[in-house]
There are 2 protein chains.
Amino acid sequence: MAMYPPIIVTVDVVLMTLCLDVLCVALIRRPNAPFAGELALPGGYVHAQEDGNAEDAAYRILREKMGIKPPYLEQLATFAGNQRDPRGWSASIAYFALVSPTTEATWQPVNELQKLAFDHPAIIQAAVDRLRSKSAYSVLPAYLLPETFTLAELQKIYEQVLGSPLDKSSFRRKIKELDLLDQVAGSFQVGNQRPAQIYRLKKMMTFDRTLSQSAPRKTGRSGQ
Amino acid sequence: MAMYPPIIVTVDVVLMTLCLDVLCVALIRRPNAPFAGELALPGGYVHAQEDGNAEDAAYRILREKMGIKPPYLEQLATFAGNQRDPRGWSASIAYFALVSPTTEATWQPVNELQKLAFDHPAIIQAAVDRLRSKSAYSVLPAYLLPETFTLAELQKIYEQVLGSPLDKSSFRRKIKELDLLDQVAGSFQVGNQRPAQIYRLKKMMTFDRTLSQSAPRKTGRSGQ
DNA sequence: CTAATAGTGTCTTTCAGACAATATGGG
DNA sequence: CCCATATTGTCTGAAAGACACTATTAG
């Protein structure tokens, strides 16, 4: 079998959180070529000696470049081809991760990104799409909050991510049915108001429990 | 930056169809080491010279090894690490494809697979899971049928893939709402029965239209 | 008391599941 | 007429949306 030049294999992570109610992604300014000086996703080569698998590499990169271990990480997709890196044929195994907004990083709103290195805009778009679609039927957005939060805060996150307002009663009904939150002793209060119950995500091994919160109904019938 | 030994980059395709109402996957007996003589998914090295991107590689492999161009192909996930290939650290960009049962191949039922090369059982399992989950809200299973089919045939496919019987009336209501099928002139008949209307998939650029056929309702209320 | 937000109750609409009724072919 | 399957119609119950109502704090 013929030999081909080695293919560049990297891992890039779309690390997201919510800053001031706006979905943001963590970016790093590249110190070296290619795209030296430009903003890029945290990423790097797979280290065959250190990384047992691709997820290990993603965790290592987040540890080395961001100093964190995110509570949620999943593989997004692989972006591969001869056009995305001037050095040659490359494959980027992309992950997406969610963290609390207390995480230190250079956060940039996903809706107003400047020019980025490589095809990172496309990777970020894919991550945002994935987050949106999964938010419709899972508790993923809770990972964008601090460990404890109120239901009002959680609803705001969902509305931000999904881009449409939700009914308070229906939202609470769904969340209660899901039974994925634990009450936390204590409450949160600001100003002259009734204090709110505090919750946290239940410790679980499985994400992706069915939420099945559907899109808002249309008022009129769409013909027959 | 330190140099690392080159990483093996391959593309593997889970090519599926329905043979005698059973979901099957196309396998090839490996002629060479590693795993010579064992069954494996059609796959191969990425050819940096020929393949512009990973999807190109998947199509090339299906063309070379199976002699087909499938009507549906999507990236599944990337399986990468140092344990899956005895030659070293490897990354397999896995795709999954659906074809009509008229396609010539060595089909094996996905439920009774023998020992396979590499981690191909896990890749196949991921493909089946993906097909199942997408079948709940898309018209994907139609790609498992010949180009034209009746609604009864289509419903049987859904029942096979989803693993549970569907109500005839509800199923037709959903399909009609989706508006993803075109009527074909002519009809299909067997025996002394009313002939059935023939349909085909509409030509479209987008898959994944919302079907929102939900899981069967539970009869009782689950507490509060 | 008021202001402000937290949290609940209830009516209505929508839609999937169940299943019956009708339609259309050949004998 | 019969049978067998295709196709449509209708009823019902569960769940989502709309929205009003009550609860709890500070002052």
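Throughout, protein chains are lettered first and strands after them, A, B, ... in sequence-line order, and every chain is numbered starting at 1. Worth saying up front: this structure is predicted, and the values here are computed from it rather than measured.
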Starting at atom [atom1] of [X], determine the distance to atom [atom2] of [N], rounded to an integer number of angstrom.
X	N	atom1	atom2	value
B:Lys174	C:dC15	NZ	P	7 Å
B:Arg172	C:dG17	CZ	P	16 Å
A:Ile175	C:dG7	CD1	C1'	15 Å
A:Glu177	D:dG17	CD	P	12 Å
B:Gln155	C:dG17	CD	C1'	13 Å
B:Phe171	D:dG9	CZ	C1'	19 Å
A:Arg194	C:dG7	CZ	P	6 Å
A:Glu153	C:dA6	CD	C1'	12 Å

Note to self: If the cut-off is 4.0 Å, is A:Lys168 near the phosphate of D:dA18, judged by side-chain N/O to OP1 or OP2?
What the structure shows: no
Notebook entry, point to check: Got more than 12 heavy atoms from elsewhere within 6.0 Å of CD, B:Glu64?
Noted result: yes
Check: If you take atom types as modelled and just measure distance, does the side chain of B:Arg173 reach the base of C:dG17 with a donor-acceptor pair under 3.5 Å?
Finding: yes
Note to self: Does A:Ser169 contact C:dG7 through a side-chain donor or acceptor facing the base, at a distance under 3.5 Å?
What the structure shows: no
Item checked: Ring centres under 6.0 angstrom apart (A:Tyr199, A:Phe149) -> no
Note to self: Heavy atoms from C-beta onward define the side chain here; which of D:dA6, D:dA18, C:dT8 lies closest to that of A:Asp167?
What the structure shows: D:dA18
Checklist line | A:Ser100 OG to A:Ile68 CD1 distance, which is reported to the nearest 0.5 Å | finding: 9.5 Å
Next item on the list: Quick one: pull up CG in B:Asp12 and CG in B:Leu76 and give me the separation to the nearest 0.5 Å.
Entry: 10.5 Å
Notebook entry, point to check: How would you label the contact of B:Thr150 with the nucleic acid (heavy atoms, under 4.0 Å): base, sugar-phosphate, or nothing?
Noted result: nothing
Item checked: Whichever of B:Pro195 and A:Asn192 has its nearest DNA chain C nucleotide further upstream toward 5' -> A:Asn192
Next item on the list: Using only heavy-atom distances, determine whether the side chains of A:Arg84 and A:Ser90 contain a donor-acceptor pair under 3.5 Å.
Entry: yes
